[in-house]
Visitor: 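This structure is in C-alpha cells; I'll ask about it shortly.
Here is the naming used below: chain letters follow the sequence lines, and residue numbers restart at 1 for every chain.
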2 protein chains.
Amino acid sequence: MGEYPAATLDRVFSAVSDPTRRAILARLAESDARVTDVASVFPISLNSTSKHIRVLERAGLVRRKVRGREHILSLEPSPLSDAAEWIEHYRKFWSDQLASLDAFVTRRGNAETAS
Amino acid sequence: MGEYPAATLDRVFSAVSDPTRRAILARLAESDARVTDVASVFPISLNSTSKHIRVLERAGLVRRKVRGREHILSLEPSPLSDAAEWIEHYRKFWSDQLASLDAFVTRRGNAETAS
DNA sequence: CGGATATTCACCCATGAGGGTGAATAAAGC
DNA sequence: GCTTTATTCACCCTCATGGGTGAATATCCG
C-alpha cells in the first residue's frame, strides 16, 4: 500500500474506466495469456488490443514476460489497493452521513415523543 | 448496490481518474458548496470547473440543488459502491493468488523437511 | 535459408477531454 | 430599472484516445 506514486491513481482509474480493458483484466484473471489469446476474444483488431494492454501495463495492472516471440501477460491487481483505499474514504463519508441522518431522525423522534 | 447501469461504472471510473475532479469531491466532502466556492480553490477558470462538475454529475457523484441563482453542490458517494465492488473482485483474486503461493511454499517446505 | 507466427511501429482518422475566452441568461440587490 | 453576481452557452485550441491499416521486427520451425 502507498508504494505507487499519486500519478498512478490517475492511470489506474483511467485504465479501468474502459470496458474493453476491464474485459482484458477479466480474461487475465482466468489465466495468463499471450497478446494474441487476449485479442482473439475481442471484436477489435490485434493492434488495438495491444494498445489497450500497453495502457494496462502503464497503470501497473498487467505484467508481461517475454518468452521468445510470445509475450505472456499476467494480472497484477496490487495497484488497485490505492484505488480501493481512495474509494473507501468516500464510502466512509457516506456511512457517516447516514449515521448522522439516523441520529437526527432518532433525536427528532425522541423530541416528538417527549412533547 | 447494483442500481446503476454498467455504463455508469465507466463514467465513475473516468470521472475520478482526474485529480482536479477528485479534489472537487474532497472539497464537497467537507461541506456542500456553490460552483463559485468550488472554483475558487482551483487555479483553473470558473468555466473549466463548471465542466468538471458536470462530468461528476453525469457520473452521479455530485448532486445539484438550484436555489435562485446559486447552485448548491453536494457529494453523492453511492455510485462508488459498484466501483468498490468491481475492485474488490480483483483484490480477492490477488489474495487468492497469495494464498495459493503460500500453500505452495508450505507444501514445498514440508516436502523438504520430510525428505 | 525461407516461410510462418507473434508482436510492435508508424502512420491515418474521428472524437472527446481539458484548458481557455467572451457573451448570454437569470436572479439578487440597490 | 439598472447593476452586480452566479452560472452556463458557444465557441476556439491542443492533445490524448480508440479505432483502423500496412510494414517492420523477431522468433520459431521445417
Side-chain angles (χ1 to χ4, degrees), chain A residues 5-28 31-76, chain B residues 6-28 31-76 79:
Chain A
T8 304
L9 196 57
D10 297 28
R11 291 208 192 90
V12 169
F13 278 135
S14 182
V16 303
S17 72
D18 184 274
T20 300
R21 286 193 288 266
R22 288 200 304 276
I24 291 175
L25 295 179
R27 169 65 185 82
L28 293 179
S31 73
D32 293 1
R34 298 173 307 157
V35 174
T36 309
D37 297 330
V38 172
S40 68
V41 182
F42 301 103
I44 61 177
S45 73
L46 172 67
N47 230 324
S48 296
T49 309
S50 177
K51 286 180 199 170
H52 279 301
I53 290 167
R54 180 180 305 271
V55 172
L56 290 168
E57 270 190 293
R58 272 191 299 216
L61 293 167
V62 161
R63 293 197 49 180
R64 176 192 307 245
K65 255 176 288 181
V66 178
R67 220 170 44 193
R69 62 182 166 176
E70 298 180 335
H71 296 202
I72 308 296
L73 307 169
S74 58
L75 186 57
E76 178 66 47
Chain B
T8 303
L9 196 57
D10 298 26
R11 292 206 192 91
V12 168
F13 278 136
S14 182
V16 303
S17 73
D18 183 275
T20 301
R21 286 194 288 266
R22 287 201 302 275
I24 291 175
L25 294 180
R27 169 63 186 82
L28 293 179
S31 71
D32 292 1
R34 298 173 307 157
V35 174
T36 310
D37 298 330
V38 172
S40 68
V41 182
F42 301 102
I44 62 177
S45 73
L46 172 65
N47 230 325
S48 296
T49 309
S50 177
K51 287 181 200 170
H52 279 302
I53 290 167
R54 180 182 308 269
V55 172
L56 290 168
E57 270 188 294
R58 273 191 297 214
L61 293 168
V62 162
R63 292 198 47 181
R64 177 191 306 246
K65 256 176 287 183
V66 178
R67 220 168 44 192
R69 62 182 167 177
E70 298 181 336
H71 296 201
I72 308 296
L73 308 169
S74 58
L75 185 58
E76 177 66 48

Visitor: Take atom NZ of B:K65 and atom P of C:dA27, then tell me their distance rounded to the nearest Å.
Guide: 18 Å
Visitor: Could you say whether A:T36 or B:S14 is positioned toward the 5' end of DNA chain C, judged by the nucleotide with the nearest heavy atom to each?
Guide: A:T36
Visitor: Excluding sequence neighbours, so at least two apart, what forms side-chain contact (heavy atoms from CB on, under 4.5 Å) with A:R63?
Guide: A:S74, A:E76
Visitor: What heavy-atom pair brings B:V62 and B:E57 nearest, and what distance separates the two atoms?
Guide: O-CG, 3.5 Å
Visitor: Look up atom OG in B:S17 and atom CZ in B:R22, then write down how far apart they are to the nearest 0.5 Å.
Guide: 7.5 Å
Visitor: Not counting sequence neighbours, which residues clear side-chain contact (heavy atoms from CB on, under 4.5 Å) with A:H52? List them please.
Guide: A:D18, A:T20, A:R21, A:I24, A:I44
Visitor: Output every pair passing salt bridge (charged side-chain N to carboxylate O under 4.0 Å, His left out) with a member in residues 33-55 of chain B, not counting sequence neighbours, ordered by first then second residue.
Guide: B:R34-B:D37, B:R34-B:E70
Visitor: Would you compute the distance between atom CG of B:L61 and atom CG of B:L75 and round it to the nearest 0.5 angstrom?
Guide: 7.5 Å
Visitor: Would you tabulate the pairs of protein nitrogen or oxygen atoms and nucleotide nitrogen or oxygen atoms of nucleotides 27-30 of chain D closer than 3.5 angstrom?
Guide:
| residue | atom | partner | partner atom | Å |
| --- | --- | --- | --- | --- |
| D:dT27 | O3' | A:R69 | N | 3.4 |

Visitor: Take the protein atom CZ of B:R54 and the nucleotide atom C1' of C:dG18, then report the distance between them rounded to whole Å.
Guide: 14 Å
Visitor: With sequence neighbours left out, write down each residue that passes side chain to side chain donor-acceptor pair (under 3.5 Å) with A:S45, or none if nothing qualifies.
Guide: A:S48
Visitor: Kindly give the heavy-atom pair with the smallest separation between A:L56 and A:A15, and that separation in Å.
Guide: CD2-CB, 4.1 Å
Visitor: To the nearest angstrom, how far is B:I72 atom CD1 from C:dA27 atom P?
Guide: 15 Å
Visitor: Grab the CZ-C1' distance between B:R34 and C:dA26 for me, whole Å please.
Guide: 15 Å
Visitor: Quick test: give all pairs of protein nitrogen or oxygen and nucleotides 19-22 of chain D nitrogen or oxygen below 3.5 Å, distance rounded to 0.1 Å.
Guide:
| residue | atom | partner | partner atom | Å |
| --- | --- | --- | --- | --- |
| D:dG19 | OP2 | A:H52 | NE2 | 2.3 |
| D:dG19 | O6 | A:K51 | NZ | 3.0 |
| D:dG20 | OP1 | A:S45 | N | 3.4 |
| D:dG20 | OP2 | A:S45 | N | 2.9 |
| D:dG20 | OP2 | A:S45 | OG | 3.0 |
| D:dG20 | OP2 | A:S48 | OG | 2.7 |
| D:dG20 | O6 | A:K51 | NZ | 2.6 |
| D:dT21 | O4 | A:N47 | ND2 | 2.7 |
| D:dG22 | O6 | A:N47 | ND2 | 2.5 |

Visitor: Grab the CG-P distance between A:D10 and D:dC15 for me, whole Å please.
Guide: 19 Å
